[in-house]
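Let me begin by presenting the structure, written as structure tokens, before commenting on it.
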There are 2 protein chains.
Amino acid sequence: MGREQSSATPKGPRRHTPPAEATRNLRLAADFHAAYPPELTGDGVLVPGPFGLKLERYALQGGRPPRSIRSLMAHKRTFEPGVQVMQQGDAGGVAYIIEQGWTFSSSVLRNGSRQILDVQVPGDVAGLQSLPVPTAANDVTAITKVHAFEIQLDAVMDAISSDADLAAFIFWLAARQNDVASVRIIDIGRRTSVERVAHFILELATRLRLAGIGTDSGFPCPLTQYLLGDALGLTSVHVNRVLRDLRTSGLAHHQRGWISLLNASELSAVAGFSSAYLRGTGTGCTDAM
Amino acid sequence: MGREQSSATPKGPRRHTPPAEATRNLRLAADFHAAYPPELTGDGVLVPGPFGLKLERYALQGGRPPRSIRSLMAHKRTFEPGVQVMQQGDAGGVAYIIEQGWTFSSSVLRNGSRQILDVQVPGDVAGLQSLPVPTAANDVTAITKVHAFEIQLDAVMDAISSDADLAAFIFWLAARQNDVASVRIIDIGRRTSVERVAHFILELATRLRLAGIGTDSGFPCPLTQYLLGDALGLTSVHVNRVLRDLRTSGLAHHQRGWISLLNASELSAVAGFSSAYLRGTGTGCTDAM
DNA sequence: CGACCTATTGAATTCTATCAATTCTCGTGG
DNA sequence: CCACGAGAATTGATAGAATTCAATAGGTCG
């Protein structure tokens, strides 16, 4: 019966038609980011804050930190929760270094379903792939209140022409981002829903730790079950199911904008998680063989 | 019943356990690429062949073609079908500009299932995200016999230091690749199997046309149904069904390494396909709203 | 009067249940 | 490697109740 349905001309949206979800209001506390300290400046680093930590990590891995990066971080902007930072089709040539708060990049399909491509946490760059093109490739939306540095393509090109280290760093950033996208493809393509959610939780935990946020036992997470579903190619209902399973089996707990890692090692085992791909240092973008 | 099964500690691989698929031999003709002409050099461009066409397109979109690119394309290599060009965990710092033939990048999970992250056709760069890191992030395998230029990180860094245009071009390449990855995430996350296959076929058709390969009515495609499944997060069995549906509804036909576009406009409608994301020029990475 | 705490209320989110169907698994043959 | 069929199961669609949250109004105490 089901086979017959998979005709080449689907009679109607058989899969995912949540037109309301895509436009649902985000009602998260405007000062969500108050949950963690804004300034985590290392000593003697080029840039303060979570992006500075990323730069530091890059340097520790043998990259030469670009001296001109500071000059790019001049124009600070703030976005309220739910605001479209960037929209598909907008003029490109812009990106944002997230300093505080969370954003996500996404695309909406004809039938109204939405796919979240990536989530940006402090220290991440939103819209990096829209920087070198005339029109933005996808939407970027603020989940919480967001503080970010606006980066203009012109300025980047100017800086690159006299600072090859900056070019190398941006290339590294883009490659890291591609690793994250690769893992998302693997998640959605070849992992069960439980593995997928578990893996995503651990990815977030690791990325936030690298930004100086959260502890071994948990981290702040403003993602609703709707957003989690849209990020993982699941429905919010199924995310709810999976989250309940993780909770009852004592692995993780999602509650009021906070994810508790109750049993991180078991969770990693379930997810087949290895943090290597996030550090840009290890054995690849999936679990070790 | 199904609900109870989705426990946090799956009793066994409930989904996708094709250990044989990952290591299945590729039996494609070694001279597959003979199907299309090797040399498609434009006049007066910096570089001959499909990669030159990509460079040309970059220039047409306002990018300044890097003069130093030619010096990077010195070391030509050949790979036989099925050969691992690059393996997860290998030393990084290398990438390949594909001149002839097809490759794919992939990752293998614990349970033996494999996810293909992207397919590289002539003019594409394989392993770009492994170039700026010490260890390769994923596997790259030759599908057909492949001729490629081996690019070393050292040479790239040297060239960048005196040619900012090259840095900008590489950044553009990485961003384009990210767009393709984004579309794959959308495919697998939010499209039905039919939409997914149809979209992938059209993506391949467009990418190949941009490389000077194929016509409006079809293109060479050495991907087996196993490979298609691994690329699209489906099983080969299901790909077979979908392909049959597309065939019987007169939209596309896959046969002996060749895909015929029987009704491209209807196929595009089914897939919700827009080629904008591949040209780096348009309105984004999904269908227009 | 102002600061602070306590109901109230409406909306957004979470949670649960039931049914449907897309997709997977297994098996067999070409 | 392709093709096809039968049965199983993960996941989606839909609907409704329970819960949490944010904002507001009202009341108490200093």
Side-chain angles (χ1 to χ4, degrees), chain A residues 1-7 10-21 23-32 81-82 111-113 188-197 222-229 232-245 247-248 253-258, chain B residues 1-7 10-21 24-29 111 113 188-197 222-229 232-245 247-248 253-257:
Chain A
M1 183 108 45
R3 269 204 323 292
E4 316 316 314
Q5 296 288 12
S6 66
S7 146
K11 278 76 190 174
R14 281 273 140 49
R15 195 194 196 209
H16 268 291
T17 329
E21 290 191 23
T23 53
R24 179 168 271 108
N25 286 338
L26 300 162
R27 61 90 212 253
L28 285 146
D31 53 351
F32 175 87
N111 61 1
S113 67
I188 302 178
R190 287 289 184 234
R191 281 194 237 262
T192 67
S193 55
V194 175
E195 293 169 347
R196 223 181 288 186
V197 173
L223 299 173
T224 66
Q225 296 181 350
Y226 283 95
L227 291 173
L228 280 170
L232 297 173
L234 299 168
T235 57
S236 61
V237 174
H238 202 66
V239 168
N240 184 286
R241 281 201 275 263
V242 171
L243 248 27
R244 168 164 51 82
D245 288 348
R247 189 170 61 236
T248 57
H253 193 147
H254 185 196
Q255 191 182 34
R256 268 183 266 164
W258 185 273
Chain B
M1 185 110 41
R3 271 207 317 296
E4 317 316 313
Q5 297 289 12
S6 65
S7 147
K11 278 74 188 174
R14 281 271 141 49
R15 196 197 195 209
H16 270 294
T17 330
E21 290 194 25
R24 180 167 271 108
N25 285 338
L26 301 162
R27 59 91 215 243
L28 286 145
N111 60 2
S113 68
I188 302 178
R190 287 288 184 237
R191 280 196 238 263
T192 66
S193 55
V194 174
E195 294 169 346
R196 223 181 288 185
V197 172
L223 299 173
T224 66
Q225 295 182 351
Y226 283 95
L227 291 174
L228 280 170
L232 297 174
L234 298 168
T235 57
S236 62
V237 174
H238 202 65
V239 168
N240 183 287
R241 278 199 278 268
V242 171
L243 248 27
R244 184 187 50 188
D245 288 347
R247 188 171 61 235
T248 58
H253 193 146
H254 185 195
Q255 191 182 35
R256 271 184 271 157

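Here is how names work: the chains are called A, B, and so on, in the same order as the sequence lines, proteins then strands, and each is numbered from 1.
Formation of a donor-acceptor pair under 3.5 Å by the A:Arg190 side chain with backbone atoms of B:Leu234 is found in this model. A donor-acceptor pair under 3.5 Å is formed between the side chain of A:Arg196 and the backbone N or O of A:Leu232.
Between B:Ser193 and C:dT23 there is a side-chain N or O to OP1 or OP2 distance below 4.0 Å. In terms of phosphate contacts, A:Thr224 brings no side-chain nitrogen or oxygen within less than 4.0 Å of OP1 or OP2 of C:dT13.
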Original post:
Does the side-chain contact (heavy atoms from CB on, under 4.5 Å) test come out yes or no for A:Leu228 and A:His254, once each step is laid out?
Top reply: CA-CA 11 Å; A:Leu228 280 170; A:His254 185 196; 4.0 Å; yes

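Among the nucleotides D:dT11, C:dT16, C:dT23, the one closest to any side-chain atom of B:Leu234 is C:dT23. You'll find that the side chain of B:Gln225 is closest to D:dA3, out of D:dA3, D:dA6, C:dT16. Closest to the side chain of B:Arg244, from the set C:dT16, D:dC4, C:dT13, is D:dC4. Of all nucleotides listed (D:dT14, C:dC24, D:dC4), D:dC4 comes nearest to the side chain of B:Val237.
In this structure, A:Tyr226 places its OH atom 14 Å from P of D:dG12, rounding to the nearest Å. Rounded to whole Å, the distance from CD on A:Gln255 to P on D:dT19 is 13 Å. D:dG12 atom P lies 11 Å from atom CG of A:Leu232, rounded to whole Å. The CG-P distance, from A:Leu243 to C:dC15, rounds to 7 Å in whole Å. As a whole-Å value, the separation of B:Leu227 CG from D:dC2 C1' is 13 Å. If you take CG of B:Asn111 and P of D:dT10, they are 14 Å apart, rounded to a whole angstrom. Here the P atom of nucleotide C:dT23 and the CD1 atom of B:Ile188 are 13 Å apart, to the nearest Å. Per the geometry, CZ belonging to A:Arg190 stands 15 Å off C1' belonging to D:dT10, to the nearest Å.
On a pure distance criterion of 3.5 Å, no polar donor-acceptor pair joins the side chain of B:Arg241 and the base of D:dG5.
Each of B:Val239 and A:Asn240 lies near DNA chain C, and the nucleotide nearest A:Asn240 is the one positioned closer to the 5' end.
The line from CG of A:Asn111 to CZ of B:Arg191 is 9.0 Å long, rounded to the nearest 0.5 Å.
Put simply, the side chain of B:Val197 reaches to within 4.5 Å of the side chain of B:Leu243, judged on heavy atoms.
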